[in-house]
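Notes follow the structure.
Proteins get letters first, then strands, A, B, ... in listed order; numbering begins at 1 in each.
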2 protein chains.
Amino acid sequence: MKQTGDLNLVKKINKSIVLDRIRHDSPVSRARLAELTGLTKATVSSLVGELIESGLVDEIGAGESSGGRKPVMLLFNGTAGYAVGIDLGVDYILGVLTDLNGVIVEQHTMKHSNASVDAVIGDVIHSIRELIGRAPQSTYGIVGIGIGIPGISDEQGNVLFAPNLGWENVPLQQRIESELGIPVVIDNEANAGAVGEQQFDAGVGQNASYLVYVSIGSGIGTGIIIRGELFRGSSGFSGELGHVTIEQNGKPCRCGSSGCWELYASESALLEKARAVLPEDDVDIEALLRRAGDGDKRVIELFEQLGRSLGVGLVNIINAFNPELIVIGGRLAEAESWMLGPLTEVMERRSMPFPRAKLRVQFSGLGMKSTVLGACSLAIAKFFASTKVSVEG
Amino acid sequence: MKQTGDLNLVKKINKSIVLDRIRHDSPVSRARLAELTGLTKATVSSLVGELIESGLVDEIGAGESSGGRKPVMLLFNGTAGYAVGIDLGVDYILGVLTDLNGVIVEQHTMKHSNASVDAVIGDVIHSIRELIGRAPQSTYGIVGIGIGIPGISDEQGNVLFAPNLGWENVPLQQRIESELGIPVVIDNEANAGAVGEQQFDAGVGQNASYLVYVSIGSGIGTGIIIRGELFRGSSGFSGELGHVTIEQNGKPCRCGSSGCWELYASESALLEKARAVLPEDDVDIEALLRRAGDGDKRVIELFEQLGRSLGVGLVNIINAFNPELIVIGGRLAEAESWMLGPLTEVMERRSMPFPRAKLRVQFSGLGMKSTVLGACSLAIAKFFASTKVSVEG
DNA sequence: CTAAGTTTGTTTAATGAATTTACAAAGTCG
DNA sequence: CGACTTTGTAAATTCATTAAACAAACTTAG
């Protein structure tokens, strides 16, 4: 049954439009909001009144006059609540506490040994409790928890499959919600990263409605934003672009296929190639980055080669999704200076002029924090989408 | 400026919900509509009244009682208006006239020589005029014209690029609208095909919200439906999946890349391979289909090989878009019986269990008519989306 | 054949969110 | 200082939905 229209819906739509505008254009006056949104001054006045009542918006006094009465400036009250973001890695847990503006207030990192599903969940909960404990007092308290995982999940927050953790069908959301009594959102690590880059000032994808985030780790993960929203596919399994074939008779991949992109353009691919050139001891990412930084020609050539392989896959992304922005993240993003040139060269040679015309390719602006911040952002978005705030005030 | 909410919007939403339900569940009573939509009986009554007033809905008398007063059954009046659909090919124009239900009423085919842009547009207009001339009298007359083109277009209906026609920046929509004074929609041939398969009873994709239509012609075109809507990418250039690389150092392609899927899995690829095996005279699609039908092993092997190459690209589609349905269309769809086996074998071997679980792969249900019917459907959808019908009545 | 119960669809009054119009307050500027 | 602007609120109006009541039409049990 489709969502029907009624007065409640109207108010919800308008209130969320007004709140969004205040969030992104603070400080702003009621009169200006009326102009920006197309609503009448009276409507804006009334909605702003309720938002102030609910603690999400504050008046911060008069602004500059433009030839008449001074406007009363409004500010989004980012400290009306806090959210927890978790980046659940294969051997680490990175957690942050942010206010509703996404400003990081507290941080917590720990290793986990992946001994068992229960042990990991215990560690995650411990990490969250730690952060919650340090949260300042606020009107709404902890509004939600977002968790980025190295695997795929469904809408109910079940981890369907996370090969690198060895997880299958783990009801992660439900377990953490019942333990802590706070709304939880689960999403793929790359999806969260995409949201992070799109939503945060420090990210490179603000205002991008069509964005693909490519996370280079031991494999390649991708998060896809279409029309400003995460694209999840028909069963939550979209964007396994790391397993797009770029060499139909290439190396076999653990996914069952062969010649997958990630076999040529991931950390693993880099390390494999490095082993042929360097002493075993120097074959890890840190060391390679250091050597390249010191000007080691052999290592720089490895990164350039990786850049070219990345380029081949990026062209596939362009042809499939026609995004306005591709963001490259993960630890290897640090190798930007050596990869960008070859990558761009391959991309320009192999792609068609049209989709390329309006395309930007950038390396992550948030670095290792894109996933954890994106997770926070998902939690905050869920909070604002819940009717509690939007309508009932 | 985002769309704000007001009473007009509410009515538009509800009216279109009610009309959609009548369109798809005819015959249906007001009481049943109230149940189906979640609106109250009073609201449904009022909206249905206006729809009857506007000629789009008819009362067709009493239905079966279910233990009380007999319901008055409502029927969508498909003949309240007509739409023209055009499939503009490289050397032909296929046109149909359908009623608002998408039932074909008239048909018109012609060859065109592609002498010049103006000549082709002249032929298209001639074809449309011919069909309009044969349209029955109706309340709304010709509500719109949809045109599927072998190239890409923008939202204003400009043909940006159509290599096989040799067109660049042709304002097709504007030219036809100013000539005929009827709303025109332009879209890619494969996009139209996808809509056709999704919207029509005879298509295989009814109710599919995540569908990829693969049109095999001299190249490969694809139309992608996400959340029930055509996906166009950030600049109208999505879904050039024919140019996804499946062999990074493969044959060079006219697109600038090399190893593109369509070099291995299109009509051209088939014909090229056939030339190595058969006398030159027998190398055309019709002949190959005939020979395969006669049991020619060498030709059947060619089709099987094509099926395998198709499979490789389909796996890429699955990993990228995670659709619930892939529809294979174009003339080569006739070779289903020889291609399906090898195609499925490759697909199952190379794809991951998860996205494959809920996936169907089917050959076109509309055959050569998917594009032309999809084009009609786009025109009809535009008509219903226009406020004229939806609100002002 | 009648009385009771059901189902359908309309009517009427109430609700509530946005709009329109008017206006007061607080500025600027010559 | 007075004319003009701009900001924000208030009151009256509009209008689509809902809720409740009801009339009409029908079935079914006895």
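Closest to the side chain of B/V10, out of C/dT19, C/dG16, D/dT17, is D/dT17. In this structure, the nucleotide among D/dA19, C/dG9, D/dT17 sitting nearest to the side chain of B/A42 is D/dA19. Taking only side-chain atoms of B/L7, from C-beta outward, the nucleotide of C/dA17, D/dT7, D/dC15 with the closest atom is D/dC15.
A/V72 comes within 4.0 angstrom of sugar-phosphate atoms only, judged by non-hydrogen atoms across all strands, and of no base. A/A31 comes within contact range of the sugar-phosphate backbone alone, with a heavy-atom separation under 4.0 Å but no base atom that close. Counting any heavy atom pair closer than 4.0 Å across all strands shown, B/S29 reaches sugar-phosphate atoms only and no base atom.
Put simply, CD on B/E59 is 12 Å from C1' on C/dT8, counting in whole angstrom units. What separates CG of B/D6 from C1' of D/dT17 is a distance of 14 Å, to the nearest Å. The nearest whole Å value for the distance from the CG atom in A/L9 to the C1' atom in C/dG16 is 14 Å. One atom, CD of A/E50, and another, C1' of C/dA18, lie 13 Å apart when rounded to the nearest Å. Regarding B/I52, its CD1 atom lies at a distance of 10 Å from the P atom of C/dG9, rounded to whole Å. Whole-Å rounding puts the B/K15 NZ to D/dC15 P distance at 15 Å. The nearest whole Å value for the distance from the NZ atom in A/K11 to the P atom in C/dT15 is 16 Å. Look at CD1 on B/I17: it is 16 Å from P on D/dA16, rounded to the nearest Å.
For the 3.5 Å distance criterion, the side chains of A/N322 and B/S235 qualify, holding a donor opposite an acceptor.
Under the 6.0 Å cut-off for aromatic ring centres, B/F383 and B/Y140 qualify, their centroids lying closer than that.
Going from atom CD1 of A/I128 over to atom CD1 of A/I132 covers 6.5 Å, rounded to the nearest 0.5 Å.
Here A/N14 reaches the OP1 or OP2 of C/dA18: one of its side-chain N or O atoms lies under 4.0 Å away. A sub-4.0 Å separation between OP1 or OP2 of D/dT17 and a side-chain N or O of B/T40 is absent.
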Open item on the list: Protein within reach of the bases, or only the backbone? For nucleotides 23-30 of chain C, mark each nucleotide 5' to 3' as B, S or -, using heavy atoms under 4.0 Å.
Closed with: --BBBS--

TODO: Check step by step if salt bridge (Lys or Arg N to Asp or Glu O under 4.0 Å) holds for A/K11 and A/E50.
DONE: CA-CA 11 Å; A/K11 187 159 189 178; A/E50 291 181 32; 2.6 Å; yes

Open item on the list: Run B/K41 and B/E35 through salt bridge (Lys or Arg N to Asp or Glu O under 4.0 Å) and show every step you take.
Closed with: CA-CA 8 Å; B/K41 288 188 291 174; B/E35 273 177 49; over 6 Å; no

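The side-chain contact (heavy atoms from CB on, under 4.5 Å) search around A/Y210 returns A/I226, A/R227, A/E324, B/F231, B/S234, not counting sequence neighbours.
Surrounding CD of B/Q137 are at most 12 heavy atoms belonging to other residues, nucleotides or ligands under 6.0 Å away.
Nucleotides of DNA chain D nearest to B/L47 and A/R32 differ in position, and the one nearer the 5' end is that of A/R32.
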